Amino acid sequence: QVELVESGGGSAQAGGTLRLSCVASGVSISNRCMAWFRQSEGKEREGVARFYTSEGSTPYYADSVRGRFTVSRDNAKNTVYLQMDSLKPEDTAKYYCALDQPYSGDMWAGCGFGFWGRGIQVVVSS
């Protein structure tokens, strides 16, 4: 059974940093498409970053986070990360880790995501 578990959320001041982690179990993240999404209260879910866990690929970032957020991975630990720098109050949201499910799932940035974590809250205060 595939499970994704996010951690590292919490509160930060504007301009601060947080690092989210997502550990996968029941599946290897090697050679997969993964992403971070977020959903603010009253808003639709939006994609934050999409990346491939194979070598040599370039992540895709949403305009709203490009230059401030960075994804990384540790395939040996089956873990991916989202480094969030220069945080803004509008980054306040519940953040979700997602794993692709070939030929199905919710499409975004070229991948279909069928496995989701439960999400973790991030609150940025001004």
Side-chain angles (χ1 to χ4, degrees):
Q1 181 178 354
V2 177
E3 186 176 22
L4 304 174
V5 179
E6 301 95 341
S7 63
S11 299
Q13 295 283 334
T17 65
L18 283 172
R19 188 194 195 204
L20 304 184
S21 301
C22 171
V23 180
S25 60
V27 65
S28 170
I29 66 168
S30 296
N31 298 311
R32 301 293 291 266
C33 181
M34 297 191 69
W36 288 94
F37 290 80
R38 67 186 181 185
Q39 187 167 20
S40 306
E41 193 170 343
K43 295 186 178 180
E44 292 188 357
R45 184 181 64 199
E46 65 170 336
V48 173
R50 184 270 289 138
F51 55 101
Y52 296 94
T53 57
S54 52
E55 293 291 337
S57 63
T58 301
Y60 169 81
Y61 296 96
D63 291 344
S64 57
V65 306
R66 188 173 295 120
R68 300 187 299 119
F69 289 12
T70 305
V71 295
S72 61
R73 57 180 172 79
D74 186 336
N75 287 12
K77 294 182 178 180
N78 234 27
T79 301
V80 298
Y81 306 94
L82 180 67
Q83 177 69 36
M84 303 187 293
D85 299 324
S86 302
L87 283 163
K88 303 176 180 180
E90 50 264 44
D91 294 321
T92 295
K94 195 168 187 179
Y95 284 73
Y96 299 86
C97 174
L99 176 70
D100 67 339
Q101 186 173 17
Y103 310 112
S104 63
D106 297 338
M107 293 298 298
W108 182 68
C111 295
F113 297 99
F115 301 103
W116 298 82
R118 292 185 178 181
I120 192 159
Q121 186 67 41
V122 169
V123 176
V124 183
S125 56
S126 57

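Quantities reported herein were computed from a predicted structural model and do not represent experimental measurements. Numbering starts at 1 and runs along the sequence shown.
For Thr17 (side chain) and Met84 (main-chain N/O), no donor-acceptor pair under 3.5 Å exists by modelled atom type. No donor-acceptor pair under 3.5 Å is formed between the side chain of Asn75 and the backbone N or O of Asn78. Using a distance-only test at 3.5 Å, with no hydrogens or angles considered, a donor-acceptor pair links the side chain of Thr53 to the main chain of Ile29. Side-chain atoms of Gln39 never come within 3.5 Å of backbone atoms of Glu44 as a donor-acceptor pair (strictly under, hydrogens ignored). Not a single donor-acceptor pair under 3.5 Å links the side chain of Ser86 to the backbone N or O of Gly15. Between the side chain of Ser30 and the backbone N or O of Ser28, no donor-acceptor pair lies under 3.5 Å. With hydrogens and angles ignored, the 3.5 Å screen pairs no side-chain donor or acceptor of Arg50 with any backbone N or O of Pro59.
Atoms CG and CZ, on Asp85 and Phe69 in that order, are 8.5 Å from each other to the nearest 0.5 Å. If you take OG1 on Thr70 and CZ on Arg19, they are separated by 11.0 Å, rounding to the nearest 0.5 Å. Rounded to the nearest 0.5 Å, atoms CG (Leu20) and CD (Glu6) are 8.0 Å apart. Separation of atoms OG (Ser21) and CD (Gln83) is listed at 9.5 Å; rounding is to 0.5 Å. Taking SG from Cys97 and CG from Leu4, the interatomic distance works out to 4.5 Å, rounded to the nearest 0.5 Å. Met34 contributes atom CE, which lies 11.0 Å from atom CZ of Phe115 (distance to the nearest 0.5 angstrom).
Transitive grouping of hydrophobic side chains (ILVMFWY, heavy atoms separated by less than 4.5 Å) brings Val80 and Val27 into a common cluster. By the rule that hydrophobic residues join a cluster once side-chain heavy atoms approach within less than 4.5 Å of another member, Tyr96 and Leu18 end up as members of separate clusters. Hydrophobic clustering, with ILVMFWY side chains joined whenever heavy atoms are under 4.5 angstrom apart, keeps Val2 apart from Phe37.
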Pair Leu99-Arg32, side chain to side chain contact (heavy atoms under 4.5 Å, CB included): steps then yes or no | CA-CA 7 Å; Leu99 176 70; Arg32 301 293 291 266; 3.7 Å; yes
Carefully, step by step, assess Phe51 and Ser72 under the rule side chain to side chain contact (heavy atoms under 4.5 Å, CB included).
-> CA-CA 9 Å; Phe51 55 101; Ser72 61; over 6 Å; no
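Contact check for Tyr52 versus Thr58: no side-chain heavy atoms found under the 4.5 Å cut-off. Annotation: side chain of Glu46 is in contact with side chain of Ser64 (closest heavy-atom distance under 4.5 Å).
Summarising the geometry of Ala35 relative to Phe113, their closest heavy-atom pair is CB-CZ, 3.4 Å, with the distance given to 0.1 Å. Contact between Ser54 and Asn31 at its shortest, heavy atoms only, is CB-OD1, 3.4 Å. Summarising the geometry of Ala49 relative to Val71, their closest heavy-atom pair is CB-CG1, 3.5 Å, with the distance given to 0.1 Å.
Using modelled atom types and a 3.5 Å distance limit, the side chains of Tyr95 and Arg38 yield a donor-acceptor pair.
Among residues at least two apart or in separate chains, side-chain hydrogen bond (donor to acceptor under 3.5 Å, both in side chains) pairs with a member in residues 105-126 are Arg45-Asp106.
Partners of Ser11 according to the side chain to side chain contact (heavy atoms under 4.5 Å, CB included) rule, which considers only residues two or more places apart in sequence or in another chain, are Val123.
With respect to Lys88 and Asp91, no salt bridge is recorded, no charged nitrogen being found less than 4.0 Å from a carboxylate O.
Under the 6.0 Å distance and 45° angle rule, Arg68 does not count as a cation-pi partner of Tyr61.
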